[in-house]
Amino acid sequence: MPNETAVRAELLEWLDANWDPELSLLEWRRRLAASGWATPAWPTRWGGRALPAAEAAVVTEALADFGAVGPPEGVGMSLAAPTLLEHGNDELNARFLPPTVTGEISWCQLFSEPGAGSDLAGLTTTAELVDGEWSVRGQKVWNTSAHHADYGLLVARTDWDVPKHRGLTYFVLPMRQPGVEVRPLRQANGHASFNEVFLTDARIPAGDIVGETGGGWTVALATLAHERRTPIASMPYAGHAGRVWREALEEATHLRAPYKWYPQRAGRVDLLVPHALTAGRAHDPIVRQELARAITLAWVTRWTAERAAAARKLGKPPGPEGSLAKLGSSNVARAAARAHATIAQGRAMLAGDDGPFDGTIAEVLLSVPAVSIAGGTDEIQRNIIAERVLGLPRDPTVDTTVPFRDVLKNRS
Ligand SMILES: Cc1cc2nc3c(=O)[nH]c(=O)nc-3n(C[C@H](O)[C@H](O)[C@H](O)COP(=O)(O)OP(=O)(O)OC[C@H]3O[C@@H](n4cnc5c(N)ncnc54)[C@H](O)[C@@H]3O)c2cc1C
C-alpha cells in the first residue's frame, strides 16, 4: 500500500475510535495533539509524527473529509510554531508549542515600526536587561490581531554598537501587561485589523528569547519565509453539528474577524464574470479584454503556486516559483480590481447596499493595495527575485557595516 494511503487508513481508524463531537474543543484538541495527528509533519519529540510533507497534507485533507476539527487558524500555527520549531530552545518549545496547538494561546507579529518596514533591520524598539528581566521601549505598527493576542513575536534591538543586522534579538512578549498598549487602526475600507502597539517598559522574562541574543535577524527571516509561503488556512465550518464544531466556529469567527476583507484584497476574481453579466457589460470589447487579462493571470499564477506546492510535497528546496507567488498575487489583485472598475465605472465607488454586489466591488478597490504591501512590498519582492533568483548584483548599501548607533535615521 503506498504510504499516503496507509497514513489515511491509520488516521481514519484512529478517528473512528476517538472522534467525539460532544467533547469541548479543548478536550478534543488535546486528544488530537496527544496522538500526533494535529501536527503530523512536526518532529515526534514535539508531539508530531515526523511525516514527509506529502503525507502530512493527506492528514489535513482526511481530517476535513471525515468532519473532524483540526488545530486553530492564525499566526500561532502559521508563524509562531514553525519559528519556534526551527529556532526555539527546549524550555521555550515545551512551554509554548502545546497551548498553541490546542488554541489556548494566540499570537501576533510585532516586527514593523513607523520607521522600519521594508528596512526591518533598521528598527529602533530597544530591549535592555533590567533587574534580571528584559525591559522594552518603542513602537510597533500594522500588527494584525494584536488586540486579541496573548503573545507577540517581537524583534527588538539589544545592541546599538554593532551593524544593524547583528544587534537584534527575537523575543516572546506577553501582551497582557501594563507596559503594552494596543490601539486599533481604522482602515479606508472600514475594517480595523491592524494596531499600533506602544511598548513602555514592557517586561519579558530573561530567558524568553528565540535563538541567540543578537541573532534575531536570522530568526526573523525564518518567520518571514513562513509568512510569504503560507496562505491563510480556512477550515470549512458549515454543515457540522456537535459541541466541538460549535466552539470551533466561535473561535474561528473571533480569529477570522480581522481577515474578513482578505477575499476582497485578493481582487474577487470569482466575481468578474458574474459582475460583467449582471451589469449587462459582458459584450463590451474593453470589458472582455480586461476580464481575459485578469482571469488568464489568475490561472497562470495558480498553476505556478501549484508547481511550488508539488515541489514542496516532493521535499525539493524552494525554487523560483515560491518567490514569484507573492508578486503574482499582487498582479492578479490589481488586474481584477481594474476589470471590476471597468465594468462598474463610477458605480464602483459606491460602498454599502447602494454599490454593485452590496458594496463588495468598492471594498475590492479599497483593499487591493494591501496585497502589494503585506509581508514585504512588491518592490522588495522584485529585489529578492533579482538578487536571489536571477543572480543580479545586490542593491548598494551604506549602513550595514557601521555600528547602528552611527547610522542616520529618522528618529528624534
Ligand atoms: C495587510 C497587512 C498586514 C500586515 N500585518 C503586519 C503584522 O501583523 N505585523 C507586522 O509587523 N507588520 C505587518 N504589516 C506591515 C508590513 O510588513 C509593512 O507595511 C511592509 O513591510 C512595508 O513597510 P512600510 O509600510 O514601512 O513601507 P516602507 O518600507 O516605508 O516602503 C515605502 C515604499 O518604498 C518602497 N521601498 C522601500 N525600500 C525599498 C528598496 N530597498 N527598493 C525599492 N523600493 C523600496 C516600498 O516598496 C514602498 O513602496 C502588515 C501590512 C499590511 C498591508
Side-chain angles (χ1 to χ4, degrees), residues 73-76 78-80 83 106-125 138-149 151-156 164 168 170-171 173 175 180 182-199 216 219-221 223-228 230-232 255-267 326-327 329-330 333-334 363-364 366-388 392-400 409-411:
E73 297 175 7
V75 172
S78 62
L79 302 187
T83 305
S106 64
W107 297 78
C108 66
Q109 184 189 8
L110 302 173
F111 282 22
S112 307
E113 296 184 1
S118 302
D119 180 24
L120 183 61
L123 60 84
T124 57
T125 289
Q139 188 201 332
K140 296 288 173 177
V141 72
W142 305 124
N143 311 112
T144 311
S145 296
H147 52 299
H148 55 60
Y151 290 92
L153 300 167
L154 172 79
V155 187
K164 63 180 184 177
L168 303 173
Y170 196 117
F171 297 93
L173 172 79
M175 294 292 288
V180 176
V182 180
R183 295 189 201 159
L185 289 167
R186 177 74 54 189
Q187 299 142 220
N189 63 9
H191 297 275
S193 9
F194 325 103
N195 304 271
E196 300 177 287
V197 176
F198 294 86
L199 303 163
V219 188
L221 288 182
T223 307
L224 290 173
H226 288 291
E227 185 174 9
R228 288 171 188 160
T230 323
I232 292 174
L255 290 176
R256 281 181 186 180
Y259 305 104
K260 254 195 231 150
W261 55 285
Y262 275 37
Q264 278 66 267
R265 90 174 190 175
K326 182 162 189 303
L327 198 52
S329 58
S330 298
R334 253 194 310 275
E363 194 168 300
V364 167
L366 288 169
S367 306
V368 150
V371 191
S372 305
I373 304 171
T377 67
D378 284 1
E379 288 78 12
I380 293 302
Q381 202 58 26
R382 285 197 188 95
N383 278 349
I384 291 172
I385 293 167
E387 291 167 13
R388 299 195 201 147
L392 294 173
R394 288 184 67 80
D395 245 4
T397 50
V398 290
D399 61 351
T400 51
K409 40 192 109 51
N410 58 350
R411 183 173 186 265

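Nothing here was measured: the structure is a model prediction, and the numbers come from that model. One-based numbering, in listed order, for ligands and for the atoms of each.
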Could you find the nearest protein heavy atom to [atom] and give me its residue, atom name and distance?
atom	answer
atom 21 (O) of ligand 1	Gly117 C, 3.7 Å
atom 53 (C) of ligand 1	Ala374 N, 3.7 Å
atom 9 (N) of ligand 1	Gln109 O, 2.9 Å
atom 31 (O) of ligand 1	Ser118 OG, 3.7 Å
atom 13 (C) of ligand 1	Trp142 O, 3.0 Å
atom 3 (C) of ligand 1	Phe194 CE2, 3.2 Å

[atom]: any protein heavy atom closer than 4.0 Å:
atom	result
atom 46 (C) of ligand 1	yes
atom 28 (P) of ligand 1	yes
atom 37 (C) of ligand 1	yes
atom 51 (C) of ligand 1	yes

Between Gln109 and Thr223, do the side chains contain a donor N or O and an acceptor N or O under 3.5 Å apart?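 There is no such pair between these side chains.
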So, taking the atom named [atom1] in [X] and the one named [atom2] in [Y], what distance separates them when rounded to the nearest 0.5 Å?
X	Y	atom1	atom2	result
Ile373	Ser118	CD1	OG	9.5 Å
Thr144	Leu110	OG1	CG	10.5 Å
Asn195	Asn143	CG	CG	6.5 Å

Mark up the atoms of ligand 1 that fall under 4.0 Å of a heavy atom belonging to [X], in ascending order.
X	answer
Ile380	38 (N), 39 (C), 40 (C), 41 (N)
Asn143	7 (C), 8 (O), 9 (N), 10 (C), 11 (O)
Glu379	43 (C), 44 (N), 46 (C), 47 (O), 49 (O)
Thr377	22 (C), 46 (C), 47 (O)
Thr144	3 (C), 4 (C), 5 (N), 6 (C), 7 (C), 8 (O)
Phe111	11 (O)

Where His147 and Pro258 come nearest, the two heavy atoms and their spacing: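 Scanning both residues completely, I find the closest heavy atoms to be CE1-CG, 4.2 Å.
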Looking only at atom types and distance, does a side-chain atom of [X] sit under 3.5 Å from a main-chain N or O of [Y], one as donor and one as acceptor?
X	Y	value
Lys164	Leu120	no
Lys260	His191	no
Glu113	Thr125	yes
Glu196	Gln139	no
Ser106	His148	yes
Lys140	Phe111	yes

Axial cation check for Tyr259 ring with Arg256, 6.0 Å and 45° limits: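 Geometry flag: not set, cation outside 6.0 Å or 45°.
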Side chain or backbone of [X] under 4.0 Å from ligand 1, or both, or neither, by non-hydrogen atoms?
X	value
Ile373	both
Arg265	side chain
Asn383	side chain

Kindly determine whether Leu366 and Gln187 satisfy side chain to side chain contact (heavy atoms under 4.5 Å, CB included), including the steps that lead there. CA-CA 9 Å; Leu366 288 169; Gln187 299 142 220; over 6 Å; no
Could an N or O of ligand 1 be found under 3.5 Å from any N or O of [X], whether backbone or side chain?
X	result
Ser112	yes
Asp119	no
Glu113	no

